[in-house]
Amino acid sequence: MPSAELENLVRIGRLKLEPPSEREQQGLLESADARLADANLSSLSYASRFDLAYNASHALALYALRRLGYRCDQRYLAFQTLPHTAGMPPAVWRVLAKAHERHNLAEYEGHLEQDDQLLTDLIGAARRLREAIDGLAA
């Protein structure tokens, strides 16, 4: 059942209604799983690991939104809706919001400050989100 919050975001034009696609959902999960596995490879640079964990988290957040028949054009919004799409507590999406800010600095200003604790938290948030998604399918 859609939440009033998600329906309000549709009403104001921040989310769009679009029927879920099994193929798209499967692709998002496969992409997230591969990226999350690679994010754990200590042989990769910090920047690569961060990018992999961030993009795995985004794929999972998008999956949670798409499975309910919604689409958004903003990554941040996919993270922000997680309490309503996957039952994630605010602590998880706050980590994702902080990672989003760092990701944007890296993408648009060319600066990624190495923060090992943030990377650990980001990987942990992605794992929690993946577990929550597994629970939604059960």
Side-chain angles (χ1 to χ4, degrees):
M1 168 191 278
S3 73
E5 291 83 1
L6 295 175
E7 290 300 314
N8 186 50
L9 289 170
V10 170
R11 189 178 52 75
I12 64 173
R14 303 277 315 273
L15 289 179
K16 297 173 187 137
L17 290 171
E18 184 178 314
S21 159
E22 184 67 34
R23 182 174 178 210
E24 179 186 23
Q25 290 172 320
Q26 189 60 38
L28 288 167
L29 290 180
E30 288 171 4
S31 172
D33 289 344
R35 289 175 175 178
L36 189 54
D38 289 350
N40 285 290
L41 297 175
S42 60
S43 61
L44 297 177
S45 70
Y46 174 85
S48 292
R49 293 179 69 207
F50 181 86
D51 191 57
L52 288 162
Y54 174 80
N55 283 302
S57 299
H58 179 256
L60 292 168
L62 190 55
Y63 171 90
L65 196 60
R66 292 293 299 126
R67 70 178 273 282
L68 295 176
Y70 298 99
R71 180 175 294 284
C72 68
D73 296 329
Q74 299 172 334
R75 287 176 174 251
Y76 186 81
L77 190 56
F79 294 142
Q80 198 172 28
T81 58
L82 283 170
H84 309 291
T85 60
M88 289 286 91
V92 171
W93 66 261
R94 280 190 208 113
V95 168
L96 299 174
K98 186 173 183 178
H100 177 75
E101 290 171 12
R102 296 283 175 91
H103 175 265
N104 280 353
L105 281 173
E107 286 291 310
Y108 302 113
E109 297 180 23
H111 175 72
L112 179 62
E113 176 184 332
Q114 185 162 332
D115 182 339
D116 293 327
Q117 186 60 56
L118 178 58
L119 178 57
T120 298
D121 293 346
L122 178 57
I123 291 170
R127 284 183 183 146
R128 283 186 69 185
L129 180 51
R130 185 60 170 104
E131 290 169 3
I133 285 170
D134 286 344
L136 295 172

Contacts table for residues 76-88: side-chain donor-acceptor under 3.5 angstrom, sequence neighbours left out:
from  : atom 1 : to    : atom 2 : distance (Å)
Thr81 : OG1    : Leu77 : O      : 3.1
Thr81 : OG1    : Ala78 : O      : 3.1
Thr85 : OG1    : Thr81 : O      : 3.4

Which donor-acceptor pairs under 3.5 Å do the side chains of residues 105-113 make with protein atoms, sequence neighbours left out?
none

**OP:** For Val10 and Leu6, run side-chain contact (heavy atoms from CB on, under 4.5 Å): C-alpha distance rounded to whole Å, both residues' side-chain angles, the deciding distance at 0.1 Å, then the answer.
**Re:** CA-CA 6 Å; Val10 170; Leu6 295 175; 5.9 Å; no
Original post:
What do the steps show when you test Glu7 against Tyr70 for side chain to side chain donor-acceptor pair (under 3.5 Å), and what is the final call?
Top reply: CA-CA 9 Å; Glu7 290 300 314; Tyr70 298 99; 2.4 Å; yes
Subject >> side-chain contact (heavy atoms from CB on, under 4.5 Å) assessment of Phe50 paired with Leu118 >> reply: CA-CA 9 Å; Phe50 181 86; Leu118 178 58; 4.0 Å; yes
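For residues 123-133, every residue pair satisfying the side-chain hydrogen bond (donor to acceptor under 3.5 Å, both in side chains) rule, not counting sequence neighbours, is listed here: Asp33-Arg130, Asn40-Arg127, Arg130-Asp134. Judged as a side-chain hydrogen bond (donor to acceptor under 3.5 Å, both in side chains), the pairs with a partner in residues 86-100 (not counting sequence neighbours) are, in order, Tyr54-His100, His100-Asn104.
Taking the salt bridge (Lys or Arg N to Asp or Glu O under 4.0 Å) definition, one finds that Asp73 meets it with Lys16, sequence neighbours left out. For Arg71, the salt bridge (Lys or Arg N to Asp or Glu O under 4.0 Å) partners are Glu18, Glu24, not counting sequence neighbours.
The shortest side-chain heavy-atom distance between Leu9 and Ile12 falls under the 4.5 Å cut-off. Looking only at side-chain heavy atoms (C-beta outward), Leu119 and Gln114 stay at 4.5 Å or farther from each other. Side chains of Arg75 and Asn55 form a contact here, defined as non-hydrogen atoms less than 4.5 Å apart. Between Leu15 and Asn8 there is no side-chain heavy-atom pair separated by less than 4.5 Å. Taking 4.5 Å as the limit, some side-chain heavy atom of Leu122 sits within range of a side-chain heavy atom of Ser57. For the pair Cys72/Arg14, no side-chain contact is recorded, criterion being any heavy-atom separation below 4.5 Å from C-beta on. With a 4.5 Å cut-off on side-chain heavy atoms, Asp51 and His103 count as touching. Two residues are said to be in side-chain contact when any heavy atoms from C-beta on lie closer than 4.5 Å; Leu60 and Ile133 meet this criterion.
The two residues Leu52 and Leu44 make their nearest non-hydrogen contact at CD1-CD1, 3.7 Å. Between Pro19 and Arg66, the shortest heavy-atom contact is O-NH2, 2.9 Å. Nearest approach of Arg35 to Ala56, heavy atoms of both residues: CB-CB, 3.8 Å.
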